[in-house]
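Please read the structure below before turning to the comments.
Note that these values count all heavy atoms, side chains included, but never hydrogens, waters or copies made by symmetry. Just so it is clear, the structure is predicted and the values come from calculations on it, not from any experiment. Start at 1 with the first residue, then count along the sequence.
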Amino acid sequence: MRTPVHVASGRYYVFHIEMSQPPAFLQVVSSVPGSTVYIDDRSAGSVGVTPWGDVVRTGSHRVWVERPGYQTVERPIDIGLGQEQEVEVALERLPFGIARVLTNVAAATVEIDGEALGTAPVDHHSRPASTRCGCDRGA
């Protein structure tokens, strides 16, 4: 980049020049495309979905890749100046299912396979099998 500077006689000039270093590029791919990618702070929200790639600061990072129905994968990485790094993640299916029960009735109690789970909304982890769900309007 060039910046023209005009110097007048009889003046005193101080130039402060910052040199940037080449950025690092991170690519995240997963065995299940469309998986959610988080970098460094999950509470800040996702940066995108796989396949994902962008410039990141150099140094240490934490990468999370997740997809409903699969185990979340967390990876520490170190990336140097000007480096391009690809993180490949093989997601594994969860050994259970999640039954999410939402109702349009306030205080509806939820029962799955004879087990009372509480008031909707309810997330219930279960092994794959035929699951029967019953909802009862609260009193």
Test log, rule side-chain contact (heavy atoms from CB on, under 4.5 Å), inputs His61 and Leu26: CA-CA 10 Å; His61 296 277; Leu26 178 62; 5.7 Å; no
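Applying the salt bridge (Lys or Arg N to Asp or Glu O under 4.0 Å) rule to Asp54 yields no partners; only residues at least two apart in sequence or on another chain are considered. Checked against side-chain contact (heavy atoms from CB on, under 4.5 Å), Val29 has the following partners two or more places apart in sequence or in another chain: Gln27, Pro51, Glu86, Glu88. With sequence neighbours excluded, the residues that form a salt bridge (Lys or Arg N to Asp or Glu O under 4.0 Å) with Arg42 are Glu66. Looking at residues two or more places apart in sequence or on another chain, you find a side chain to side chain donor-acceptor pair (under 3.5 Å) between Thr50 and Ser30. Scored by the side-chain contact (heavy atoms from CB on, under 4.5 Å) test, Pro121 finds Leu102 as partners (sequence neighbours excluded).
No donor-acceptor pair under 3.5 Å is formed between the side chain of Ser46 and the backbone N or O of Thr36. For the pair Arg62 (side chain) and Ile39 (backbone), a donor-acceptor distance under 3.5 Å is absent.
When hydrophobic side chains of Ile, Leu, Val, Met, Phe, Trp and Tyr are connected at separations under 4.5 Å, Val14 ends up clustered with Tyr12.
One hydrophobic cluster, built from ILVMFWY side chains closer than 4.5 Å, holds both Val28 and Val73. Hydrophobic clustering, with ILVMFWY side chains joined whenever heavy atoms are under 4.5 angstrom apart, groups Leu91 together with Val63. Val32 is not connected to Leu94 by any chain of hydrophobic side-chain contacts under 4.5 Å among Ile, Leu, Val, Met, Phe, Trp and Tyr, and they are in different clusters. Note on Val87 and Val49: separate hydrophobic clusters, where clusters join Ile, Leu, Val, Met, Phe, Trp and Tyr whose side-chain heavy atoms are under 4.5 Å apart, directly or indirectly. A continuous path of hydrophobic side-chain contacts links Val89 to Val56 [ILVMFWY only; heavy atoms under 4.5 Å].
Rounding to the nearest 0.5 angstrom, the gap separating the CG atom in Leu81 from the OG1 atom in Thr58 is 5.0 Å. Separation of atoms CZ (Phe25) and CD (Glu84) is listed at 7.0 Å; rounding is to 0.5 Å.
Side chains of Trp52 and Val47 form a contact here, defined as non-hydrogen atoms less than 4.5 Å apart. A 4.5 Å side-chain heavy-atom check between Pro23 and Arg57 finds every atom pair outside the cut-off.
Asp40 and Ser60 make their closest contact through OD1-O, 4.3 Å (heavy atoms, listed as atom of the first residue, atom of the second, distance). Contact between Asp41 and Trp64 at its shortest, heavy atoms only, is N-CZ3, 4.0 Å.
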